[in-house]
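Here is the structure we will look at, set down as structure tokens.
Remember, it's 1-based here, ligands and their atoms both numbered in the order they're listed.
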Amino acid sequence: MPRTRIYENTAAPWWRTAVVYQVYIRSFADGNGDGIGDIAGLRARLPYLRELGVDAVWINPWYPSPMADGGYDVADYRSIDPSFGTLSEAEEMIAEAHGLGVRVVLDIVPNHTSNQHNWFLEALEAPPGSPERDRYVFRDGRGPDGSSPPNDWRSRFGGRAWTRVTEPDGTPGQWYLHLFAAEQPDLNWASREVRAEFESILRFWFDRGVDGFRVDVAHGLIKHPDLPDVGLPEDALFDQERHRANHPHWDQDDVHEIYRSWRKIADTYAGDRLFVAEAHVAEDRLPLYVRQDELHTAFNFSFLKAAWDHEELRAVIDQSVTSLAEVGAPPTWVLSNHDVPRHVTRYGRKITHTREHDVDGGPADLELGLRRARAAALLMLALPGGAYMYQGDELGLNEVEDLPEEALRDPTWERSAHTVRGRDGCRVPLPWSGSDSPFGFGPRGSKPWLPQPAEWEALTAQTQSGTPGSTLELYRSALRLRQEQPGFVSETLRWLDAPRGVLAFERSPVLRCVANLSDKPFALPRNWGVLLTSDRLTGGQLPPDTTAWLWGGGAARRA
Ligand code: GLC
Ligand code: CA
């Protein structure tokens, strides 16, 4: 496999400072016109990603799947879903990306399989107590006839986390656990066979040259062996207790043993392979996942969830930088992904902090939201550590909040009895070019799997490319500067004195970032050169909701 490495001469592993671009493959680019993004589409757009300046792509699950949860219900971990392409296309894509200096990170889904995975089909055919059932979490129900679920656990998508099966002889039988949709049975990680299988899956893809894995639901694999009740009311739709200490199925201590064994495997491969954890845990528990012999990095979701507020952001940044430094891991910043409303929309609201798609923060002012999103991007990209961007961030896309109900695909919509619309609004296919749908997402006349808003005509990559001041050009400049400026290499930051509402910090050597979250303009120091600003300065003043990068090392260089 051709592997052209860039950055060969830098000392630190690439992932400590990488900007990783998340490809939600279903919605990225559609090569064959069936309305679904695919590997062919991604290959055609690799030059775009290279030009953007990202270090790597993380591709959401592309394995064979009935798509009950957008591919997070995996039926076969060693192959590609036919709607996305073939394994050989995947191998070619990996080689092409490497040839362009872009690394490839896949999504591994170890908490659950699809209910169409062979193992689960075998478990349904096998009797209670069999080795086939032991790969999952099957239990007898409660009550004299076993008709009540084994405990009170709730699915993250709403409703109970247990489904009762019909035994092969036709009688009502055991229950199986699914912390997500019923089509996503949880694996039993106490089973040696489950552990060995995932180690083999990791090797399968590492052998094909992938540079790392994003670990889905990394905090969920181990359940308390007694499966005790959480203590939820009978009628609770969701588990609101999920970040509490000693939760019976999140963030159990024994999960770390799994990651120690995964790290050993990654370390046997050449070229700095990476794991990044999706772990929704209390802030002080996150560093445990990235100790030296465990996963390399973990998304910082407190940054994503924080309000557009200087105090909150500063506290989150400090907490993250300090606590991760104790274990020697770099912070990993993120503003949006395929599970949360896009930050242009979040920041356009009165209530800017975001927990989930079920929080109604009122109507969004998208102009304000975009302004803040651009400022947030420069703030994030100036912080020490790595950063993830979600496809379309670079175009300033908003959440699509008016998808027709019949278009909604997120299992949350059904499981919440049509009370929570779910995550489809951030998964709308990208607008690449042209003046109407499919906006270059697929060939002319094709129909994207979710409808695109007509207003996205103004936000296509084609329209923004080469347009001074566009969000796409802002990202391109920012990513280029990140690679050129030595100041971005340091792993620490020093806060500078600034008026209330202004976040100002310095990275050494001599790089400064000033984000104005106040409602007054802020006069920038005159002796510093301006490298880049998220919006125009007004007479040397940094307007509200604007971020500037400054350079103090001699002659100023402008992007
Ligand atoms: C993660 C994914 C999300 C998925 C869930 C279940 O949270 O990001 O999209 O629904 O895991 O696999
Ligand atoms: Ca397609």
Side-chain angles (χ1 to χ4, degrees), residues 22-45 58-63 65-75 77 80-86 89 105-115 117 155-158 161 177-187 213-221 242 249-250 276-281 298-299 301 304 334 336-341 355-357 388 390 409-416 420 422-427 429-430 438 440-443 445-450:
Q22 180 188 350
V23 173
Y24 193 75
I25 188 160
R26 197 178 182 75
S27 304
F28 186 68
D30 172 15
N32 66 353
D34 65 355
I36 296 170
D38 47 39
I39 297 178
L42 170 55
R43 286 170 74 181
R45 302 291 179 180
W58 148 38
I59 305 169
N60 286 99
W62 59 0
Y63 317 105
S65 165
M67 305 287 166
D69 178 25
Y72 282 95
D73 46 326
V74 180
Y77 290 82
I80 300 290
D81 192 85
S83 64
F84 298 141
T86 64
E89 280 183 274
V105 174
L106 300 185
D107 210 316
I108 183 101
V109 188
N111 182 67
H112 43 262
T113 69
S114 161
N115 62 347
H117 190 286
S155 156
R156 277 291 296 127
F157 297 147
L177 176 69
H178 52 87
L179 293 181
F180 294 87
E183 295 86 350
Q184 294 168 296
D186 278 56
L187 286 162
F213 292 92
R214 176 242 188 209
V215 183
D216 189 58
V217 198
H219 57 309
L221 279 47
R242 64 200 179 100
H249 63 74
W250 300 128
V276 54
E278 184 214 22
H280 295 278
V281 298
F299 293 112
F301 291 119
L304 178 154
V334 56
S336 274
N337 62 32
H338 65 294
D339 290 329
V340 296
R355 290 165 292 239
E356 308 285 342
H357 270 86
Y388 280 68
Y390 179 46
R409 292 286 172 273
D410 186 343
T412 306
W413 174 241
E414 292 300 327
R415 294 193 61 91
S416 70
V420 180
R423 303 161 293 177
D424 293 305
C426 62
R427 300 175 176 179
L430 289 193
F441 168 69
S446 62
K447 194 167 170 273
W449 70 279
L450 284 174

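Contact atoms of ligand 1 toward F157: 10 (O) (distance under 4.0 Å to a heavy atom of the residue). The contact set between ligand 1 and R427, taken as ligand atoms under 4.0 Å from a residue heavy atom, comprises 9 (O). Close approach to R423 involves these atoms of ligand 1, each under 4.0 Å from a residue heavy atom: 3 (C), 4 (C), 9 (O), 10 (O). Ligand 1 places these atoms under 4.0 Å from at least one heavy atom of H112: 6 (C), 12 (O). If you number the atoms of ligand 1 from 1 as listed, the ones under 4.0 Å from a heavy atom of Y72 come out as 2 (C), 4 (C), 9 (O), 12 (O).
A donor-acceptor pair is defined here as one N or O able to donate and one able to accept, closer than 3.5 Å; such a pair exists between the side chain of E278 and the backbone of V217. For the pair S155 (side chain) and F180 (backbone), a donor-acceptor distance under 3.5 Å is present. In this structure, Y390 contributes its side chain and C426 its backbone to a donor-acceptor pair below 3.5 Å. Between the side chain of W449 and the main chain of R26, a donor-acceptor pair closer than 3.5 Å is present. With hydrogens and angles disregarded, a donor-acceptor distance shorter than 3.5 Å links the side chain of D30 to the backbone of G35. In terms of modelled atom types and a separation under 3.5 Å, the side chain of Y77 and the main chain of P110 share no donor-acceptor contact. Proximity of a side-chain donor or acceptor of T412 to a complementary backbone N or O of V420 within less than 3.5 Å is not detected.
The protein heavy atom nearest to atom 5 (C) of ligand 1 is F180 CE2, 3.8 Å. With respect to atom 11 (O) of ligand 1, the closest heavy atom belonging to the protein is D216 OD1, 2.8 Å. Looking at atom 10 (O) of ligand 1, its nearest protein heavy atom turns out to be D69 OD2, 2.6 Å. Looking only at heavy atoms of the protein, atom 7 (O) of ligand 1 is closest to E278 OE2, 2.7 Å.
Ion pairing between a basic and an acidic side chain is recognised when a charged N comes within 4.0 Å of a carboxylate O; R409 and D424 show no such pairing. For the pair R423 and D69, the salt-bridge criterion is met [side-chain N within less than 4.0 Å of a carboxylate O].
D38 contributes OD2 as its N, O or S atom closest to the Ca ion (ligand 2).
Evaluated by nearest non-hydrogen atom to atom 3 (C) of ligand 1, the leading choice among V215, N111, L179, D339 is D339.
Between the OD1 atom of N32 and the OD1 atom of D30, the angle centred on the Ca ion (ligand 2) amounts to 80° when rounded to 10°. With the Ca ion (ligand 2) as vertex, D34 OD1 and I36 O subtend 90°, rounded to 10°.
Here the rule is side chain to side chain donor-acceptor pair (under 3.5 Å) with Y72, and of N111, D216, D107 only D107 fits it.
No part of H280 comes within 4.0 Å of ligand 1, judged by heavy-atom distances.
The closest approach between R214 and ligand 1 falls below 4.0 Å for a heavy atom of the residue.
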